[in-house]
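For this chain, numbers begin at 1 and follow the sequence in order.
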Amino acid sequence: MVSDDEINNLLPFTAHRVKIGKELWTIPNGGEDPASALSTRVVVERAGGSLLGKRILDLGCLEGGYSAAFAQMGAKEVVGIEVRTLNMNRCFLVKQCLRLENLNFYQEDVRKVNNDWLGQFDIVFAAGILYHLDDPYSFLKNLSEMTIDFALIDTHIATKIKHVHGCSPLLVEKIFGSQKYLGREAREYPAGMKKADLEKHVWTSWGNPSSFWLTEESLVKMLSEVGFSYISKVYVPRGYRCGENCQVECRIMIVAKKNLK
């Protein structure tokens with residue numbers, strides 16, 4: 001049983017609005033509703049209309065809202081990965097309040113998550129995490145090896161026509177694996193920042209002061225290179241999850257399947 005003091009110490013959340021009690025929400029008003037979000041609806045639709053019996057991995061799960069939504073929708077098992085302690089405590093709060101035995105959370109850097117540790121999942125959910133990494137290739141390669149059916153990747157991308165969101169003015173070509181990929185570098189936080197300070201910077205990376213934003217074309221190419229056989233784009237409204245009103249398509253949603261059935 002979760003005490004009132006424990007609940008009050010962790011509320012309000014920063015992003016995920018989840019109903020954890022009869023009249024209690026993690027955010028009183030506003031925030032994201034993971035249960036009705038576009039990315040959640042896409043996951044259910046691409047899974048054939050139901051998550052029953054599915055094993056799902058949520059990489060960079062933040063406060064656990066999406067993980068909980070998948071678990072409530074009948075997934076066999078949902079595993080959420082989050083690195084920051086405060087977010088992890090909020091994840092556990094959601095799990096306890098909703099009594100979700102099919103939901104498990106692990107505190108770890110997403111860059112260290114692999115098939116040898118957690119095995120394979122029917123669905124891998126990676127929303128808002130790829131653009132925080134400096135080595136997207138290694139991350140996507142691990143993701144591919146853990147995916148049985150499909151992965152949903154919801155991410156900012158580097159635009160060709162201009163730099164947005166503080167990315168480098170010049171497009172950069174980098175080699176990952178044996179291929180060249182185009183993108184822009186982005187600063188995450190000042191080099192040398194201590195972990196205690198990183199804990200407070202909830203909207204930055206963990207462990208890499210800069211990140212590399214792939215162009216859409218390079219992202220599709222990379223997904224193909226790491227083992228996905230069919231890659232489709234979900235068209236989203238202009239300005240989708242963009243807080244800077246940059247007026248270009250800076251964020252996309254991709255569904256990458258391992259095999260066509």
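- Y106 is listed as a side-chain neighbour of L118, based on a closest heavy-atom distance under 4.5 Å.
- Among the candidates N104, D58, L57, I129, the single residue satisfying the side chain to side chain contact (heavy atoms under 4.5 Å, CB included) test with I81 is L57.
- Here the side chains of T26 and E63 are not in contact, with every heavy-atom distance at 4.5 Å or above.
- Here the side chain of R55 pairs no donor or acceptor atom with the backbone of V79 at under 3.5 angstrom.
- Clustering ILVMFWY residues whenever any of their side-chain heavy atoms sit less than 4.5 angstrom apart, transitively, puts I153 in a cluster other than the one holding V42.
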message = Working note: K233 + E216, criterion salt bridge (charged side-chain N to carboxylate O under 4.0 Å, His left out); need CA distance, chi angles, decisive distance, verdict.
response = CA-CA 10 Å; K233 178 179 177 179; E216 181 176 338; 3.3 Å; yes
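- Judged by a 6.0 Å distance limit and a 45° cone about the ring axis, R184 is not positioned over the six-membered ring of W213.
- Taking the six-membered ring for Trp and thresholds of 30 and 60 degrees, H156 and H165 have ring planes inclined between 30 and 60 degrees apart.
- With E77 contributing its side chain and N102 its backbone, the two residues share no donor-acceptor pair below 3.5 Å.
- Formation of a donor-acceptor pair under 3.5 Å by the T40 side chain with backbone atoms of P34 is found in this model.
- A continuous path of ILVMFWY side-chain contacts below 4.5 Å connects V18 to M73, so both sit in one hydrophobic cluster.
- For the residue pair Y66/E32, the side-chain donor-acceptor check at 3.5 Å is satisfied.
- Ring orientation note: the planes of F176 and Y181 are tilted relative to one another, at an angle of 30° to 60°.
- For the 3.5 Å distance criterion, the side chains of E188 and S211 qualify, holding a donor opposite an acceptor.
- The cationic atom of K258 (NZ for Lys, CZ for Arg) lies less than 6.0 Å from the six-membered ring centre of F228 and within 45° of the ring axis.
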